[in-house]
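Reminder, nothing fancy here: chain letters follow the sequence lines and each chain counts from 1.
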Amino acid sequence: MNFEYSDEQRMLADSANRLGADLWPSSDRLKLLERFDDLTARTAAQMAELGWLMLPIAEDDGGLGGSAVDVMAIMEGVGRHLIPTSYVANAVLVPALVSGDPAAADLLAAIGEGSAKAAAGLLEPDGGYDLGWVECAATGSGTEWTLTGEKLHVEDGADADWFVVTAKTDAGISLFLVRADAPGLTVSRFRAIDQHRHARLKLDGVTAVLIGEAGAALPKVELAVDKAICAHLAEAVGSMEAALAATLDYLRTRKQFGVAIGSFQSLQHRAVDMGIALEEARSMSYRATLSLGLPAAERRRVVSAAKARVGQCGLYVGRQAVQLHGGVGFSDELIISHHLKRQMMLDCAYGSVEHHVARFVAPQVLGA
Amino acid sequence: MNFEYSDEQRMLADSANRLGADLWPSSDRLKLLERFDDLTARTAAQMAELGWLMLPIAEDDGGLGGSAVDVMAIMEGVGRHLIPTSYVANAVLVPALVSGDPAAADLLAAIGEGSAKAAAGLLEPDGGYDLGWVECAATGSGTEWTLTGEKLHVEDGADADWFVVTAKTDAGISLFLVRADAPGLTVSRFRAIDQHRHARLKLDGVTAVLIGEAGAALPKVELAVDKAICAHLAEAVGSMEAALAATLDYLRTRKQFGVAIGSFQSLQHRAVDMGIALEEARSMSYRATLSLGLPAAERRRVVSAAKARVGQCGLYVGRQAVQLHGGVGFSDELIISHHLKRQMMLDCAYGSVEHHVARFVAPQVLGA
Amino acid sequence: MDLDFTPAELAFRDEVRAFFAKTVPAEWLTRVRAGLRLEPAELIAYQKALAAKGWGAPTWPVEYGGPGWTPAQNYIFESESARAGAPIQFHQGLELIGPIIFTYGSQELKDRYLPGIINADDWWCQGYSEPGAGSDLASLRTTAVRDGDHYVLNGQKMWTSYAQVASHMFVLARTSQEPKRQQGISLLLVDMKTPGIAIRKIETMDEKYTTNEVFLDDVRVPVTNLVGTEGKGWEYGKVLLDRERMVCSATAIHLPQVLDGVRDAARARKIGGVPLIETPAFAAQLAQLEIEAMALETMVLRLLADLASGADSGPRGSMVKLRWSDLYQRATALWMDALGPEAAHFRALEGEGPADMPYGMQGALYSRVTSIYGGSSEIQHNIIARRALGL
Amino acid sequence: MDLDFTPAELAFRDEVRAFFAKTVPAEWLTRVRAGLRLEPAELIAYQKALAAKGWGAPTWPVEYGGPGWTPAQNYIFESESARAGAPIQFHQGLELIGPIIFTYGSQELKDRYLPGIINADDWWCQGYSEPGAGSDLASLRTTAVRDGDHYVLNGQKMWTSYAQVASHMFVLARTSQEPKRQQGISLLLVDMKTPGIAIRKIETMDEKYTTNEVFLDDVRVPVTNLVGTEGKGWEYGKVLLDRERMVCSATAIHLPQVLDGVRDAARARKIGGVPLIETPAFAAQLAQLEIEAMALETMVLRLLADLASGADSGPRGSMVKLRWSDLYQRATALWMDALGPEAAHFRALEGEGPADMPYGMQGALYSRVTSIYGGSSEIQHNIIARRALGL
């Protein structure tokens, strides 16, 4: 039982903090967002250079086989500096989905060196966040498959070159690889309030490559999404930490009625509750990440508990950070509102609190 | 639109406050409880003398035909002084249940003059708070009926001479009158944390008198219970008011660290939230009481909304009153803990928050 | 005690209902339901329609152009407005400066400015807050120095909503330095076309352009535009703060619109093929909000009844503000839940799909400021503790 | 970073599990699950069983009779205790005065008192709070005046739990009047049989007799029973307050017992014929508590890991206390919901039916004091704000 980073993990954390402080300094967020394309490209290039894109890819897949705690060390820095990156979808989720299939070797190599990006389409209209709700139909056999259906939301999928999507064959839920420029595929692209860019897919007879065994995809999808969730938990913790630190700073320096507002007891107690929320969130982030290797039912239970609680704590900290800052907290000119917006979207991504409370209650009902 | 008591109602309120201050002064609650039987007997006698027992009985039934607002004026005083009385079950609920049936004329006369007490057995094991869940079976016809079954809880029923109970005939849910000393009836008696005394009934071939039309009782039961609920809402409001007033007093006078604890901002803000909860509860008490004459579906919706919200607000005020008093709040030597205990039991009586939120969502599902 | 309307009030309700039925365009509904403000041009058109009917200033006395309604009529007007999906009237002229002008202003100011407010010929904005004076307004530093027939204003105002479209601004400024910080503050009416006024947009987290910093650099205002007495502006200002909270009663009456929006969104979304609104967990959350909204509505009814009977409503306005902002925030958060994964589709990156703006999402963002503006929730707690509880 | 136990720790777990399996009588379960304390005689028997095994003082150093466990072993011991439905050890001797005696006491005091704590031959109670000194302990007024080889104590203590069964009391008393209120306070060990001690029962809202007022009237205590240095008692007292909070980690580990109780009650109760636990609204509420309890348990694990690595846990103990009391209160409130109408059947008026004492109900009452004792939630917030946040 031990909650310390290894030396290597501490180096990863340091370099994530350095990258964030260099490219995404919190002091002038709005100016940075005007150079969004340039900065995200430089971010991606540096991530490739640092080997981060290779890190979560399994050694057997030609990657570095980094652990979930390694990813956590990076993601806390991503959250602390609010780096708007598609790292989780591209470098954590997709490699976990396609791992072990030679048909995905080129894709993984391209992800690892940063020459292509991928994202995963796993949610459909009318299915909520249920990964087992798949109406998209796959017909074909061997290496020749055609998909028809819809994917409501592809997290961080707007700039993807490849999509990994679920579809139903006669054997059941299966995974397929689709090129973003494939004929018959319509990609709608959206920006969210936190600057992340997502996609919605319509597939009309799109040619696709089967990944893994037909009909056996759901357990793998569940595990891959749980890994993505854990990366997001660490990001949420980093963001909460930064939002709390900025708020404490503000409480100590901002004066009203002739005194620092941090001397008002009601604000002090609020800050304490934010601090406790951060401790809870950090605890659950560790707990879930260290539980990824447990048997599926137990893993799902812990990951869902963590996703639900970190969502609640993150929203609390984000909202109170805005509230305690007053008007300037609501403005976009400080970093504070951006932290709240990221917390709001992290809460939605890969399943809301409601969804994960339900999954916690009955892990056996949802998925294998 | 008007939220003022009439002059007559103001007089009722005044006499309730006088009765409470005379017989149940808050300053020495524990001593009073040692003389419980004596004091409750004197309370009942005074209530009879003041005409309160006659008040809610309809004029056609030989009563005074007082309004629900008249009852509210009394019940706020009952709550303010924490008078442990069976008034609601005996003088509000039962008269509403049996109203209009000549077979109950003697009972109503006895209730009105204070020579007998009655209570209602409407809940059964496995039925929760659902008034429509009736497994108690009635066989017979005309004036000859026999009941067999169980009533899980009879609010304020420990000292009743008569029970009005629901049972199922071939025609459906019906109301029956049962003597407390009837052969085949087993009455178990319990004291609650708020000193109210309740009963549980086992009926094994008990002779009973049919009240009203067989099979048509549920709408009447729902209305009668809604009236009882509204009386309880007023009691809860009176109790919250007294608990808040005592807490404000304590905050102004109790010193810690050399100053009145009411100067601490976090305690001030808590007291404000208690004050708002009281305002909400009072608003909902008025709203529900003034809605008793609406069509059943709308009435049920409003009464359930009020029951749920007043329950939440009452528990909040009661708990915070204890918390802000610290150790002495937890002791039974101040009145404060007794207010919390009454709020806890008022929340249970005639349906918990959960039950009434569900009834609010789907009034059409529960009952006619 | 009763909740009934008189026959005359019922007739009035029918008249109001008919008016709204023909005045409110359907395309306002989505934004109004999310608690969002309409565009200035739309609000102006709406105000002009009300003014044409004689209802432009529902809370004003008859002599200044009000309809002379009772509080019950005001309630009926607002609740029918909410029922019809109409917006809340833009309040800075009507509820903030208008009442001050007719209470404290000279006859000249009344004649000049009151009709423009009712007819929406003028658009007013408020120059109160400053970078160092938010909740603590008494520490404001903008100065107004007398120079002949003018005051010369210098300073910086903040959170001035709609300064970019306003024709006029009412400004609190220091006309003398006094030991007591609340003294020596005056209230001035400023034409936004006066030289020396510069505006800087403040970007806010809801991505809507509503508020500004306003820089005042030797802005010359005729002394006739002083409201009331020089140096007494703080007292008028406090009245303004009170009225700003009273406005919240109207706002609270419009809360059911937001819940309608949540309900529709939850009907539209399916989970596992079942409409979200039929799932017990969601239904219970929505019910909880509806129940609390009913309590709030009844608090407002009691507030209005007190007004009608001349009783002091004291800090009950603050309570309504607190409860409303809390419920609005929770309702829009639930709305966001109801949007599901599509909550992430805030703006289409290319083209203009129907889904390029989930209004519930924008409401969820905007809602965060409602517990900050007009006296933050913390300040409201302080006010209630002091005034109502004597702590 | 890992959550794994070593093979040695796993073997230890099996040993602990086996011990509890044969030590814990089934009839304790209902009360323990409700978070209620067992009767003193039961607690003494339990403590003697632990002592016989060498586990009487799990957190003490080996030299004073502790088992020399690592924090991980302490966690395993407590979690197995919770799993088995064992009670929490009575802590006033073990966790409050014992550690002070072995840290600051003379060899004579150590030899005399430490074994009696471990073997449950002595029962200690705490004489700290006074009618005017609750959260503000520094304002205490009980005096200890030196008279030859004795201190003579006069004053009044309050909230002295189990004074009625205790053999000894540790008392904070003023040995001199100093300008700084925290100075001049000494810590004395008092035999409860000393003449001049009178006890008055305090009735509490849970209808259990646990706490008292203690009147000290010329109570003569040998000077050898002074702990540490005269006038320095406040410092030791502060250490006590800290340890009192640390005890909460153990308490927090026992929280799942309460949730087990809630779950069983909800399985037993049917609504419309369906077990309550299967209704979505109840299931969601219970799940929320279970999730928060998991977060709390993980916070405790991190606290213990910090202890093992020698890192300062600072105010994280306060955080655990805050979170635990909140969850315990909410869990017992939910338990009360699960009892349904039978929550009103607290005591049978005649006879002794099986339903004469719903323990969940009594837990719901008792739980209210857990956010008051040992530093109220408000005081814990103050402590965290000052120590951890520097506000």
Distance in Å, [X] [atom1] paired with [Y] [atom2], rounded so as to fall on 0.5 Å steps:
| X | Y | atom1 | atom2 | result |
| --- | --- | --- | --- | --- |
| A:Arg197 | C:Arg347 | CZ | CZ | 13.0 Å |
| A:Ser337 | C:Glu207 | OG | CD | 10.0 Å |
| A:Arg319 | C:Arg368 | CZ | CZ | 5.0 Å |
| C:Gln329 | A:Gln323 | CD | CD | 7.0 Å |
| C:Leu339 | A:Ser352 | CG | OG | 11.5 Å |
| A:Tyr129 | C:Ile271 | OH | CD1 | 8.0 Å |

Which one, [options], leads in non-hydrogen pairs under 4.5 Å with chain C?
| options | answer |
| --- | --- |
| A:Leu315, A:Ile193, A:Leu267 | A:Ile193 |
| A:Lys255, A:Arg270, A:Glu155, A:His325 | A:Arg270 |
| A:Arg254, A:Glu124, A:His338 | A:Arg254 |

### Identified side-chain hydrogen bond (donor to acceptor under 3.5 Å, both in side chains) partner of C:His345 from the options A:His153, A:His198, A:Arg200
A:His153

Atom group of [X] that falls short of 4.5 Å from chain C, counting heavy atoms:
| X | result |
| --- | --- |
| A:Gln256 | both |
| A:Val357 | neither |
| A:Val187 | backbone |
| A:Leu340 | side chain |

Please classify the contact of [X] with chain A as side chain, backbone, both or neither, using a heavy-atom distance under 4.5 Å.
| X | result |
| --- | --- |
| C:Ser139 | neither |
| C:Ser377 | both |
| C:Pro275 | neither |

### Message
With a 3.5 Å distance limit and no angle check, can you tell me whether A:Glu333 reaches the backbone of C:Glu203 through a side-chain donor-acceptor pair?
### Response
yes

#### Entry: Set of residues satisfying salt bridge (charged side-chain N to carboxylate O under 4.0 Å, His left out) with respect to C:Arg31, sequence neighbours excluded
C:Glu42

### Query
With a 4.5 Å limit on heavy-atom distance, are the side chains of A:Val353 and C:Asp337 in contact?
no

